[in-house]
Amino acid sequence: MPSEPTREERPASPPAPAGWRGLVLRALLWTFGLVAAGLVSIVIVGGVALAVAYPNLPDISELSDYRPKLPLRVYSSDGVLIGEFGEERRSLTPIAQIPKVMKDAVLAIEDARFYSHGGVDYRGLVRAAVANLGRVKSQGASTITMQVARNVYLSSEKTFTRKLYEVLLTFKLEHLLTKDQILEIYMNQIFLGNRAYGFAAAAETYFGKPMKDLTIAEAAMLAGLPKSPSGNNPLTNPTRARTRQQYIIERMEENGFITHEEAEAARKQELKFRSATGNARVHAEYIAETVRQLVFAQYGDEAYTRGLNVYTTINATRQETAYKSLRAGIMNYERRQIYRGPEQFVDLPDSDKEAEDDIDDALTEHPDNGDVMSAVVLEASPKKILAERQNGERVEITGQGLKPAQSGLSEKAPPKIKIRRGAVIRVVKTPKGDWEITQLPEVEGAFVALDPRDGAIQALVGGFDFNKNKFNHVMQAWRQPGSSFKPFIYSAALEKGFTPSTVVNDAPLFFDAGITGGQPWEPKNYDGKFEGAMPLHKALAKSKNMVSIRVLQAVGTQNAQDWITRFGFDAEKHPPYLTMALGAGSVTPMQMATAYSVFANGGYRVNPWLISKITDQRGKVVVESQPPLPNEAVRAIDARNAFVMSRLLQEVAREGTAARAQATLKRVDLYGKTGTTNDSIDTWFAGYQPTLMAVVWMGYDTPRSLGDRETGGGLSLPVWINFMETALKGVPVMEPSAPEGVVNVGGEWYFDEYAPGRGVSSLGMSAPAQDNGSGAPSPGAPGVPYDKSLMNSDGLPPNRPAPAPSDERRSILDLFRN
C-alpha cells in the first residue's frame with residue numbers, strides 16, 4: 001500500500017475567496033450603520049420629543065416659594081390644637097426645622113444618594129422601563145426629585161409619556177431648586193395616610209406628638225409610609241408596618257446614619273400609637289366649628305387651603321374640664337332614667353368565634369361616644385351580662401353595674417327592651433374600675449365660661465356630643481331662664497328704692513282672667529309653701545316666686561323690660577307681663593353669661609369674644625383683636641347696684657338654693673343663682689367668681705319635663721361646682737370692695753339715700769323695716785315698702801296699732817296699688 005503523505009507533503013488549502021471577506025466586512029459596516037442610524041433616530045426622536053414636550057412642562061418657578069394647601073387650624077390660648085379643617089392635614093415645616101433623624105430615615109429608604117446624584121437614577125430608570133415593558137410590577141427606582149415632580153404635577157399612571165415628563169421635570173427641578181428645597185417640598189408634600197400630608201402631620205396623626213420629638217424607631221415607622229400609605233399603616237396593618245420599619249432601621253445603619261447600638265435600641269422600642277379613631281386631646285368641637293364659620297365668612301374657600309392659624313381665648317385645661325363636667329352631669333341624670341333598651345339587635349351565630357364579623361360590623365355602626373362605649377351582648381341574665389367590645393375585649397357586668405338596666409333584664413321585659421344575646425348596649429367604667437351598663441342620653445346640656453372682666457370665652461361646650469348633635473346650645477338654644485332671671489328684676493328694684501332688708505310678703509297670689517287678659521293665673525312657689533313676710537335677701541336666697549312677682553309689681557313691668565336690656569337681653573323676648581318675674585322669657589346660655597358678668601365686674605357690659613389673633617402659615621399676624629377694657633362708655637348699671645346684687649347672690653351660694661357651692665369649694669367669693677322652670681323643663685345655674693363667670697343649662701331639645709324632683713340646684717349646680725373646683729385652683733380668694741354710694745349698716749349694705757335714717761327717695765321708697773324684737777317687721781319705720789297683701793284695710797300689718805298717717809307711707813301704698 002502506498003504510504004500516507006506527510007504534513008509537509010500535503011497540498012495547502014486554497015485561499016478564501018476575496019468575496020467572502022467583503023461580505024463579512026459589509027455586514028459589520030451595515031450593522032454599525034444600523035446601530036448608528038438607530039442611535040441617531042433615537043436622538044432625533046428624543047430631540048423632537050423634547051422640543052415638543054419641554055415647552056408643555058408646567059411652570060415650576062412657584063416651587064421656589066413652596067406654598068401647599070394647608071388646613072385651617074384652631075388653637076387654644078395656650079397653643080393646644082383644638083380643631084383642623086381642610087381636605088389635607090399638613091404642617092409646613094422648613095427644612096431647617098425637620099429633625100435629622102426624620103431626614104435620615106427617609107433618605108435611607110427612598111434615596112440614599114440624594115445629595116450626590118443629578119436627580120435621575122439611570123440604572124433604576126432602565127429597570128423600571130423594562131419592568132413596565134414586561135408588564136410586571138416595577139421594583140421602584142424613583143429618586144426623591146422624581147417623586148416631587150410626580151406628586152406635585154403629574155399623575156401616577158405608568159406610561160412612557162408620563163415617565164418622560166417626569167424625567168424632564170426632574171432635570172428642571174434640579175436646575176431651579178437646591179437639594180434642600182427639593183427635600184423640604186418632599187417632606188411636606190408626600191401623602192402618608194389618614195389624610196396626613198407631610199411628616200409633621202403624620203407625626204401628630206400616628207403618634208400624637210410634634211416631629212421634633214420623634215425617636216429613631218418612630219421616624220423609621222413613618223418613613224415606611226410613602227411606598228404604601230395604606231399597606232404600611234401601623235394602625236391598620238401593624239405586622240407589615242413593623243417589617244418595613246425594621247428594614248429601614250437596617251438601611252439607616254448601613255448608610256452610617258445611626259450606630260449599631262442605636263439600631264438595636266430602635267428595633268426593640270415598643271411604639272405607642274394614637275388611636276385611629278381617637279378623639280382630640282381637648283374636646284372643643286363646638287368652639288372649632290364656631291371659629292370655622294367665622295373664618296369662612298371672612299375668607300371663603302381659601303380658609304381651608306391658605307394655612308391660617310386661629311388662636312382663641314379658650315383655656316385648654318378649663319375647656320377639657322368643662323367638657324368632662326357637663327358629660328358627667330348628664331350621665332348622672334341618665335342613671336336615674338328608665339332604661340329605653342338596646343340600640344340594635346344582631347343575629348349572632350351560636351359560636352362566639354363565628355360571630356366575630358357580625359360583632360365587628362355592629363360596633364362599627366355604633367361607635368364609641370367618648371367614655372360611653374358600645375358592646376355586643378354574648379350572655380345575659382338578671383345577675384350578669386357578658387359582652388364583647390372592639391378588638392375582642394370581653395366586658396363582664398355584675399352587681400350595681402346592672403342597676404341602670406334592671407327593667408331590661410326582667411323576664412317580663414318587652415322584646416324591644418329586653419337585653420339578650422346580640423343586643424348592642426352601652427357601657428361605662430366607674431371610678432372604681434368596674435363596668436356599668438348605661439345608654440346614650442336624650443337630654444342635652446350647655447356650658448359656657450368667660451372672664452367677666454373682658455368677655456374672653458374660657459370654655460364652651462355646646463352639647464353632650466358634637467358628632468351626635470351639632471346644634472350649639474350655648475349660642476343657639478333659646479330657653480326659659482326660670483328663677484335664674486330673678487336677679488335682674490331685683491336689680492331694677494334696687495333702683496326703685498328696695499334694699500336687701502326690704503320686707504315683702506311671701507303669700508299666695510291669684511290673677512283672674514280680667515287681669516291677665518287670658519287664662520286665670522295662680523302662681524306657686526317651687527315647694528308649694530308660703531312663709532309670709534321676709535326680707536328681700538332671704539327671698540332671693542330661697543327663690544320665692546311670690547316675692548319676685550310682688551317686686552315686679554312694684555317696679556312696673558315696662559320699667560323692668562327696659563332695665564333688662566342694659567344686660568344684653570332682647571326686650572321683645574321678655575314681654576312686659578308679671579310672668580317676667582319667674583323667667584318666662586327666652587334667653588341663651590351665652591346671654592346669661594354676659595348678663596351675669598355685669599354683676600361680676602362692677603356694672604360694665606362686656607361682649608363675649610373668641611378669636612384673639614389669626615396668623616398665616618409662616619406665623620405672620622394677619623388679624624389681631626383686643627377687646628376694649630371696661631370703661632364708663634360701656635357701663636350698664638351703677639357700680640353700687642352691681643355690688644349690692646353680688647352681696648345678694650353671695651348669700652344664695654352660701655345658704656340659699658346654691659348653698660352647696662360654698663360648702664363644697666370652701667371659698668366665700670362665689671356668687672350665683674339657680675333656675676328651674678315650670679314642670680322642671682329647664683334647669684340652670686349661673687354663677688361667678690370675680691375672675692370667672694360660668695353658666696350651665698340642661699333640658700331636652702323638644703321641651704319636656706326632666707322630672708318632678710329635678711332642679712337647677714340638683715342638676716346644673718353640680719356641673720358648675722365640678723368645673724370651678726379645677727378652674728379656681730390657685731386663684732386667690734377675692735371679694736369686690738365697696739364702691740362709692742353704699743354704706744354698711746348692721747352688717748347689711750344700702751344705697752346711701754336708702755340707708756336707715758336717711759329718709760325717703762324721690763321715688764317714695766325709703767329705709768328698710770326695723771326689727772322690733774318680736775321677730776316681725778315693725779311698721780314704725782317711716783316709708784316701709786310693705787306689700788298690700790300683707791296689710792289690712794288701713795295698709796298696716798294685721799293686729800298692729802296704727803301710727804299716724806304720713807305722706808311718705810301713702811306714696812308707698814300707692815306704688816304697690818299701681
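Remember, it's a predicted structure, so these values are computed and weren't measured experimentally.
- Side chains of Q319 and H283: no donor on one and acceptor on the other come within 3.5 Å.
- Within the 4.5 Å cutoff, the side chain of N469 has no heavy atoms near those of the F464 side chain.
- Using modelled atom types, no side-chain atom of N237 and backbone atom of N233 make a donor-acceptor pair closer than 3.5 Å.
- Using modelled atom types, one finds no donor on one side chain facing an acceptor on the other under 3.5 Å when comparing E624 with S612.
- Side-chain contact annotation: Q439 with R426, donor-acceptor N/O pair under 3.5 Å absent.
- Annotation: side chain of Q591 is in contact with side chain of W478 (closest heavy-atom distance under 4.5 Å).
- No donor-acceptor pair closer than 3.5 Å links the side chain of R89 to the backbone N or O of R195.
- Residues I82 and Y75 have side chains not in contact (no heavy-atom distance under 4.5 Å, counting atoms from C-beta outward).
- For E356, the CD atom sits in a packed shell: over 12 heavy atoms of surrounding residues, nucleotides or ligands are nearer than 6.0 Å.
- No salt bridge links K69 with E88; every basic N to acidic carboxylate O contact stays at or beyond 4.0 Å.
- In terms of modelled atom types and a separation under 3.5 Å, the side chain of T313 and the main chain of I457 share a donor-acceptor contact.
- A donor-acceptor pair shorter than 3.5 Å cannot be found between the side chains of Y186 and D111.
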Please report, to 0.1 Å, the donor-acceptor pairs under 3.5 Å made by any side chain of residues 92-101, with sequence neighbours excluded.
{"residue": "T93", "atom": "OG1", "partner": "S91", "partner atom": "O", "Å": "3.2"}
{"residue": "K100", "atom": "NZ", "partner": "D104", "partner atom": "OD2", "Å": "2.6"}

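- Annotation: F273 is not in aromatic contact with Y206 [ring centroid separation under 6.0 Å not met].
- With 3.5 Å as the limit, one finds a donor-acceptor pair spanning the side chains of D78 and S76.
- Side chains of R327 and N369: a donor on one and an acceptor on the other come within 3.5 Å.
- L235 contributes atom CG, which lies 12.5 Å from atom OG of S230 (distance to the nearest 0.5 angstrom).
- R605 places no side-chain N or O within 3.5 Å of a backbone atom of A595 that could act as its donor or acceptor partner.
- Counting heavy atoms of neighbouring residues, nucleotides and ligands inside a 6.0 Å radius, atom OH of Y700 exceeds 12 of them.
- Judged by distance alone, the side chain of D451 and the main-chain N or O of G455 form no donor-acceptor pair under 3.5 Å.
- Aromatic rings of Y304 and F85 (six-membered ring for Trp) have centroids beyond the 6.0 Å cut-off, not under it.
- Ionic pairing of K324 and D371 is not present here: no N-O contact between side-chain nitrogen and carboxylate oxygen is shorter than 4.0 angstrom.
- Under 3.5 Å, the side chains of S374 and D368 contain a donor-acceptor pair of N or O atoms.
- Looking at K227 and E110, no side-chain N of the basic residue comes within less than 4.0 Å of a carboxylate O on the acidic one, giving no salt bridge.
- Side-chain atoms of V291 and L610, non-hydrogen and from C-beta on, do get closer than 4.5 Å to each other.
- Looking at K470 and E289, no side-chain N of the basic residue comes within less than 4.0 Å of a carboxylate O on the acidic one, giving no salt bridge.
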